[in-house]
Amino acid sequence: MPRKNINISDKIETLSILDEHGKLDEDLEPDIPEDELIKLLRGMLLGRKFDERMLNLQRQGRIGTFAPISGQEAAQIGAIALLRSSDWMVPAFRETAAEIWRGRSLESVIIYNSGYCEGAQIPENLNNLPISVPVGSQILHAVGLGWAMKYRKVDDVVMTIFGDGATSEGDFHEALNFAGVFQTPVIFVCQNNQWAISIPVHKQTRSKTLVQKALAYGLPGIQVDGNDVLAVYVAAQEAVARARAGGGPTLIECVTYRMTMHTTADDPTRYRSDEEVEMWRKRDPIERFQKYLLSRGTLSRDKLEGLEAEILTQIQTAIDQAEAEMTSLGDPVDMFDHSYEQMPAYLMEQKKAFLAELDESREEADNG
Amino acid sequence: MPRKNINISDKIETLSILDEHGKLDEDLEPDIPEDELIKLLRGMLLGRKFDERMLNLQRQGRIGTFAPISGQEAAQIGAIALLRSSDWMVPAFRETAAEIWRGRSLESVIIYNSGYCEGAQIPENLNNLPISVPVGSQILHAVGLGWAMKYRKVDDVVMTIFGDGATSEGDFHEALNFAGVFQTPVIFVCQNNQWAISIPVHKQTRSKTLVQKALAYGLPGIQVDGNDVLAVYVAAQEAVARARAGGGPTLIECVTYRMTMHTTADDPTRYRSDEEVEMWRKRDPIERFQKYLLSRGTLSRDKLEGLEAEILTQIQTAIDQAEAEMTSLGDPVDMFDHSYEQMPAYLMEQKKAFLAELDESREEADNG
Amino acid sequence: MAKLTMVQALNLALQQEMRNDDNVIVLGEDVGLDGGVFRVTEGLIQEFGEERVVDTPLAESGIVGMSIGMSLYGLKPVCEIQFSGFTYQNFHQIENHAARFRWRTQGRYTVPMVLRSPYGGGVRALEHHSESREAYWAHMPGIKMVIPSGPRNARALLVSAIRDPDPVIFFESKALYRAFREEVPEKEETLPLGKSQVVREGKDLTLIAYGAMMRPTLEAATELQEKLGVEAEVIDLLTVSPLDDTLFVKSVLKTGRAVVIHEAPRSFGAGAEIVSRLMEKSFYYLEAPIERVTGYDVVIPLYSREKEYLPNAHRITRAAKKVLAA
Amino acid sequence: MAKLTMVQALNLALQQEMRNDDNVIVLGEDVGLDGGVFRVTEGLIQEFGEERVVDTPLAESGIVGMSIGMSLYGLKPVCEIQFSGFTYQNFHQIENHAARFRWRTQGRYTVPMVLRSPYGGGVRALEHHSESREAYWAHMPGIKMVIPSGPRNARALLVSAIRDPDPVIFFESKALYRAFREEVPEKEETLPLGKSQVVREGKDLTLIAYGAMMRPTLEAATELQEKLGVEAEVIDLLTVSPLDDTLFVKSVLKTGRAVVIHEAPRSFGAGAEIVSRLMEKSFYYLEAPIERVTGYDVVIPLYSREKEYLPNAHRITRAAKKVLAA
Ligand SMILES: Cc1ncc(C[n+]2csc(CCOP(=O)(O)OP(=O)(O)O)c2C)c(N)n1
Ligand SMILES: Cc1ncc(C[n+]2csc(CCOP(=O)(O)OP(=O)(O)O)c2C)c(N)n1
Ligand SMILES: [Mg+2]
Ligand SMILES: [Mg+2]
C-alpha cells in the first residue's frame with residue numbers, strides 16, 4: 001500500500017428543506033399528516049411561550065435560575081416527535097420543549113426551578129430521564145439504556161440530546177464509541193446552538209462540522225438546519241427507523257441558535273454581538289414554519305391566534321397550580337429520604353437529631 | 001442547502017514503503033543518510049534484544065512485571081528518531097525502545113522494573129516524561145507541553161505515544177480536541193498493535209481505521225505500516241516538520257503488532273490464535289529492514305553480527321551495573337521523600353514514628 | 001463444601017447470580033475470553049455468552065456510565081474496573097449520577113449496579129495498581145462501599161451487593177485473591193451489607209479493621225494473646241459505608257481501648273471516621289487515646305518498599321501495647 | 001486600602017501575579033471575555049490577552065491535563081473549574097498525575113499548578129452547584145487543599161498558592177464571593193499554606209472551621225459570649241490539607257472542649273480527621289466528647305431546602321452548649 005487517501009465509507013450528509021425565508025425545497029418535502037404538523041407547531045409555540053413566561057417569573061423572583069430554549073424549538077420538537085412512548089428520552093438541561101412534548105408537566109418544571117426536588121419526579125408511565133446538569137455525562141446513560149433494549153430484544157430506541165459544548169467532553173467520545181461497538185439503538189441529537197456559555201463553537205473544536213465526529217466511531221451522521229423543523233423531522237425519522245430496525249446509532253447535528261441568555265444568570269452581551277443575534281433572529285424556526293403552514297393552508301391566522309391563546313391559558317393555569325402546590329411542599333426533613341432504599345442507621349440518627357433541633361428551634365421561636 | 005454529502009477537507013492518508021517481503025517502493029524511498037539508517041537498525045535491535053533479556057530476567061524472578069515491545073520496534077524508533085534533544089517525548093508504558101533512543105539508560109529500566117522509584121529518575125538533560133500507566137492520560141500532558149512551547153515561541157515539538165486501546169479513553173478525545181483548537185506542536189503517535197490486552201482493535205471501536213479519528217478534531221492524519229520503519233520515519237518527518245513550522249498537530253497511526261504477551265502477567269493464548277501471531281511474525285519489522293539494508297549494501301552480515309554482539313554486551317553490562325546499584329538502594333524511609341517540596345509537619349511526625357519503629361524492630365530482631 | 005480461593009469464591013457468586021437472574025450482566029475490560037486479569041470472571045463467557053459477559057472498549061467512564069443506563073432499564077450490571085487506581089476515570093459518573101438517581105428522581109429510578117475493583121498493595125505491582133482509597137467512596141452519600149476479607153464473606157457479600165437495590169462499590173484485595181482458601185458452600189449464602197462482624201471476642205482491647213488488613217490484625221490478636229495474655233476483640237467492618245458503628249462502639253464500651261487499622265493513607269482516611277464515632281459514642285468509656293495503624297500520607301511506594309508501607313502484625317501489636325499501657 | 005469583595009480580591013491576586021510573572025497563565029471555561037461565570041477573572045483578558053487568559057473547550061480533564069503539561073514545562077497555570085461539582089471529571093488527572101509527578105520523578109518534574117473552583121451551598125443554585133467535597137482532595141497525598149474564608153485571606157492565600165511549588169486545589173465559597181467586603185491592601189500580601197489561624201481567642205471552648213463556615217462559627221462565638229459569657233476560641237484552618245494541627249491542639253489543651261464545623265457531609269468528612277488528631281494529641285485534656293456540626297450524609301438538597309442542610313450559628317451554639325454542659 002503506497003501513499004493514498006483513505007476512503008471513509010460512512011456518509012456524512014447535510015439536509016435543509018425549508019429555508020430561512022420559508023421557501024420549500026419541494027423535492028424534499030416530507031409527507032407529514034396535517035394534524036402532526038399542527039402538533040409540531042403547537043409544541044414549538046408552547047416551548048417559546050413558556051420560555052418567555054419563565055423568564056418573566058425569574059425576573060420577578062418567583063423562580064430560580066432557568067435555562068431558556070428560545071430558538072431551539074425546531075431542533076428539539078422536530079427530533080423528539082419521532083419517538084413513541086415506549087422509547088426513551090435522555091435530555092441535558094435545555095430541552096424543556098422536548099420534555100414537555102414527552103409528557104412532562106409545566107408545573108413540574110416550575111416547581112423544579114423553584115428549588116424543589118419534587119419537580120424532578122417523573123410519572124411511572126413516562127420513559128424520560130430527568131435533566132442532567134454535568135455536561136455530556138448523560139450521553140452514556142442513553143447508550144446503557146440502548147444496550148438494555150437490545151438485550152431485551154425490544155424494538156424501542158433512545159434519543160439523547162446534548163449541546164455543541166458537550167462534544168468536547170470525554171463522555172461524548174466514550175458514549176459514541178461504545179454505541180458504535182455495541183450497535184445500540186441510540187439517536188444522538190446535538191443541539192449546536194453555536195455557544196457553550198461564552199465559547200463559540202469554533203473555539204470548541206477545530207473540526208468544521210460537529211457531525212463529522214461520527215466518522216471517529218464508524219457511525220452515520222447527518223447535519224441539518226436545526227431551525228427547519230421539517231429537516232430535523234426527516235433526519236430523525238431516518239435515524240429512528242434505522243435504530244429500530246437494528247441498524248444502530250446515528251449522530252444528528254442540528255445547526256441552530258440560542259436566541260437568549262445561557263441561563264438567567266448570564267449576560268450574553270459580554271461575549272457576542274447584537275448583529276449576530278439579529279442575523280439569527282431572522283432565521284427564527286417558528287416564523288418559518290408558520291409561513292410554510294399558512295402557505296399550504298394547514299394553518300390560518302385565526303387558528304394560530306386561537307392556538308396561542310390556548311397555550312397562554314395552559315401556561316397560566318400551570319403557574320397557578322404550581323404555586324398552589326408549592327405552598328405545601330418543602331418540609332426540610334424530606335431531605336433525608338431516597339438516599340438509599342433503606343435508610344442506614346446512622347442517617348436515621350441524623351434525621352432524628354435534625355427533627356429534635358427543629359422542634360427546639362420552633363419552641364425557642366415560640367418562646368422568644 | 002439540500003441534502004448533500006459533506007466534504008471533509010482534512011486528508012487522511014495511508015503510507016507504506018517497504019513491504020513485508022522487504023520489497024521497496026522506489027518512488028517513495030526516503031533519503032536517509034547511511035549512518036542514520038544504521039542507527040535506526042541499532043535502536044530497533046537493542047529494543048528487541050533488551051526485551052528478550054528482560055523477559056528472561058522476569059522469568060528468573062530477578063525483575064517484576066514487564067511490558068515487552070517486540071514487534072513494535074519500527075513503530076517506536078521510526079517515529080522517535082525525528083525528535084531533537086530539545087523536543088519532548090511523552091510515552092505510555094510500552095515504549096522502552098523509544099525511551100532508550102531518547103537517552104534513558106538500560107539500568108534505569110531494570111531498576112524501575114525491580115520496584116525501585118529510583119529507576120524513574122530522569123537526568124536533567126533529557127526532555128522525557130516518565131512512563132504513564134493510566135491509559136491515555138498522558139496525551140493531555142503532551143498538549144500542555146506543546147501549548148507551553150508555543151507560548152514560549154520556541155520551535156520545539158512534543159511527540160506522545162499511546163496504544164490502540166488508548167483511543168477509547170475520554171482523555172484521548174479531549175487531548176486531540178485541545179490540540180486542534182490551540183494548534184499545539186504535538187505529534188500523536190498511536191501504536192496500533194492490534195490488541196489492548198485481550199481486546200482486538202475491532203472491538204475497541206467501529207471506525208475502520210484509528211487514523212480517521214483525526215477528522216473529529218480537524219487534524220491531518222496518516223496511517224502507516226508500522227512495521228516499516230521507512231514509512232514511519234517519513235510520516236513522522238512530515239508531522240514533525242509541520243509542527244515545528246507552526247502548522248499544528250498530526251495524528252499518526254502505526255499499524256503494528258504486539259508479538260508477545262501484554263505483560264509478563266498475561267497469557268495471550270487465552271484470546272488469540274497462533275496463526276495470527278505467525279502471520280505477523282512474517283511481517284517482523286527488523287527482518288524486513290535488515291533485508292533492505294543488506295540489499296542496498298548499507299549493512300553486511302558481518303557488520304550485523306558485530307552490532308548484535310555489541311548490543312548483547314551493552315545489555316549484560318547494564319544488568320550487572322543495575323544489580324550492583326540495587327544492592328545499595330531501597331532504604332524504606334525514602335518513601336517519605338518528594339511528596340511535597342517541603343515535608344509537612346504531620347508527615348515529618350510519621351517519618352519519625354516510622355524510624356523509631358524500624359529501630360525498635362531491629363533491636364528486637366537483634367535480641368530475639 | 002469446596003475449599004476456594006477468594007477469586008474462585010467471587011467467581012462462584014457471579015456464576016450463581018447470573019444463573020438466578022438474567023438481569024445480571026458482567027461487563028468491563030478483558031472480562032470475557034481473558035476471564036479478567038485476575039480471572040474472577042473466568043468461564044462466565046463460556047456459560048453465558050457474549051450477550052451477558054461483555055468485553056468493553058478501554059474506557060472506565062464509558063463502562064460505568066453505560067452500567068448506569070443499564071440499571072435505569074432494570075438490569076443489574078456488575079462491572080469490573082481493572083484496578084481501583086483507574087476508578088478515578090469514572091469518579092464523576094458515580095458521584096454525579098450513580099449515587100444520585102434515586103434521590104434525584106425521588107425513588108423513580110434507581111441504580112442497582114455493582115462496581116467491582118481490585119484494591120490494595122502487596123502483590124508487587126506497578127504504579128497505580130496498589131491503591132487503597134475507599135475513603136473517597138465512603139464519603140459519597142448514596143453509595144455503599146464494601147470490602148470483604150476472605151473467600152467466604154467475599155462470596156456472600158458479592159451476592160448481596162448484586163441484589164442490593166443501590167449502587168455498591170465492591171473492593172477486592174488483590175493480596176487476598178489467592179492468599180488462602182476457605183470452605184465456601186455451594187448453596188446460596190448472603191451477608192447483609194452495612195453490618196460489621198465480631199470475628200474474635202475479647203475484653204481487653206478492640207481492633208477494628210477490614211479487607212486485607214484483617215489478616216495482620218488477627219495475627220496481632222493471636223500474638224497479644226500468646227505473648228501477653230491480652231484478649232483482643234476483633235471487628236471486621238465488611239462494609240465501610242454506610243458505616244455500622246454498633247458493634248465496635250459496643251465493644252469499646254466494654255474494652256475501653258481501641259486500635260483502628262487500614263492500609264490507606266492515614267489522614268482523612270476511613271479510620272478517622274471510626275475514631276470520630278468512638279469519640280461521639282464511647283468517650284466516657286475510653287481508657288486511652290485510640291491509635292490508628294495505617295499507610296502513611298504518601299503515595300504507596302513501588303514494590304521494593306511497599307512492605308514497609310503496609311501495616312503489619314508487628315505495627316498493630318505495637319500500637320495495641322501502647323494503648324494498653326496508657 | 002480598598003474595600004473589596006472576595007471576587008475582587010481574588011481578581012486582584014490573579015492580576016498582580018500575572019503582572020509579576022509571565023509564567024502565570026489563567027485557563028478554563030469562560031474565563032476570557034466572560035470573565036468567569038462569577039467574574040473572578042474579569043478584565044484579565046483585556047490586560048493580558050488571549051495568550052495568557054485562555055478560554056478552553058468544555059472538558060475538565062482536558063483543562064487539568066493540559067495544566068499539568070504546562071506545569072511540567074515550567075509555567076504556572078491557574079485553571080478554573082467552573083463549579084467544584086465538575087471537578088470529578090478531572091479527578092483522575094489530579095489523583096494519578098498532578099499529585100504524583102514530584103514523587104514519581106524524585107523531584108525532577110513538579111506540578112506547580114492551582115485548580116481554583118467555587119464550592120459550597122447557599123446561593124440558590126442548581127444541582128451539582130453547591131457541593132462541598134474537600135475531603136476527597138484532603139485525602140490525596142501530594143495535594144494541598146486550601147479554602148479561604150474572606151476577601152483578605154483569599155487574596156493572600158491565592159498568591160501563595162500560585163507561588164507554591166506543588167499542586168493546590170483552591171476552593172472558593174460562592175456564598176462568600178459577594179457576601180461582604182474587607183480592606184485588602186494593594187501591596188502584595190501572602191499567607192503561608194498549611195498554617196491555620198486563631199481568629200478569636202478564648203479559654204472555654206475551641207471552635208474549628210474553615211471557608212464559608214467561619215461566618216456562622218464567629219456568629220456563634222459572639223452569641224456564646226453575649227448570652228452565656230462563654231469565651232470560645234475560634235480557629236480558621238485556611239488549609240485543610242496538609243492539616244495544621246498545632247493551633248487547634250494547643251487550643252484544646254487549654255479549653256478541653258471542641259466543636260468542629262463543616263458544611264460537607266459528616267461521615268468521612270474533614271471533621272473526622274480533626275477529631276482524630278485531637279484524640280491522638282489532646283485526649284487527656286478533653287473534658288467532653290468533641291462535637292461535629294456538619295452537613296448531613298445526603299446529597300445537598302435543591303435550594304428550597306438547602307438552608308436547613310447547611311450548619312448555622314444556631315446549630316453551632318447548640319453543639320457548643322452540649323460540649324460545655326458535659
Ligand atoms: C461537566 C460540566 N462542566 C461545566 C458545566 C457548566 N456549564 C453548564 S452549561 C455549560 C455550557 C454548555 O454548552 P452546550 O453543551 O453547548 O449546551 P448549551 O448550554 O448551549 O445548551 C457549561 C460550561 C457543567 N454543567 N458541567
Ligand atoms: C485507565 C486505565 N485503565 C486500564 C488500565 C489497565 N491496562 C493496562 S494496559 C491496558 C491495555 C492498553 O492497550 P493499548 O492502549 O492498546 O496499549 P498496549 O498495551 O497495546 O501497548 C489496560 C487495559 C490502565 N493501565 N489504565
Ligand atoms: Mg451550545
Ligand atoms: Mg494495543
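Scope of the values below: all heavy atoms of this structure, side chains included, with no hydrogens, waters or symmetry mates. In what follows, chains are A, B, ... by sequence order, proteins preceding strands, each numbered from 1.
- Of the listed residues C:Val54, C:Asp164, C:Asp245, the one with more heavy-atom pairs under 4.5 angstrom with chain A than any other is C:Val54.
- Contact annotation for A:Leu176: neither backbone nor side-chain heavy atoms come within less than 4.5 Å of a heavy atom of chain C.
- Looking only at heavy-atom pairs under 4.5 Å with chain A, the residue among C:Gly142, C:Pro242, C:Gly194 that has the most is C:Gly142.
- Checking C:Ser117 against C:Ser84 by side-chain atom types alone, no donor-acceptor pair falls below 3.5 Å.
- Checked options C:Val24, C:Val114, C:Ile162; the residue passing with C:Leu14 is C:Ile162 (criterion: side chain to side chain contact (heavy atoms under 4.5 Å, CB included)).
- Residues C:Ala264 and C:Glu134 share a closest heavy-atom pair of CB-OE2, 3.5 Å.
- Looking at A:Val186, there are no atoms closer than 4.5 Å to chain C (heavy atoms on both sides), in backbone or side chain.
- At a 4.5 Å heavy-atom cutoff, the contact between A:Glu349 and chain C is made by side-chain atoms alone.
- Listed options C:Thr110, C:Ile25, C:Leu243 were ranked by heavy-atom pairs under 4.5 angstrom with chain A; first place goes to C:Ile25.
- For a residue to count as touching a neighbouring chain, one of its non-hydrogen atoms must lie under 4.5 Å from one of that chain's; by this rule A:Tyr346 touches chain C with the side chain only.
- Proximity to chain C is absent for every atom of A:Ala175, based on heavy atoms less than 4.5 angstrom apart.
- Counting heavy-atom pairs closer than 4.5 Å to chain C, the top residue among A:Met335, A:Arg152, A:Gln121 is A:Arg152.
- Contact count against chain C (heavy-atom pairs under 4.5 Å) is highest for A:Asp171 among A:Val181, A:Val90, A:Asp171, A:Asn127.
- Using a 4.5 Å cut-off between heavy atoms, A:Leu129 touches chain C through backbone and side chain atoms alike.
- Neither the backbone nor the side chain of A:Asp334 comes within less than 4.5 Å of any heavy atom in chain C.
- The most heavy-atom pairs under 4.5 Å with chain C, out of A:Val143, A:Val133, A:Ile122, come from A:Ile122.
- Considering only heavy-atom pairs separated by less than 4.5 Å from chain A, the leading option among C:Lys144, C:Met70, C:Gln106, C:Glu51 is C:Gln106.
- In this structure, C:Phe91 and C:Tyr88 have tilted ring planes: the angle between them lies in the 30° to 60° band.
- Neither the backbone nor the side chain of C:Asn90 comes within less than 4.5 Å of any heavy atom of chain A.
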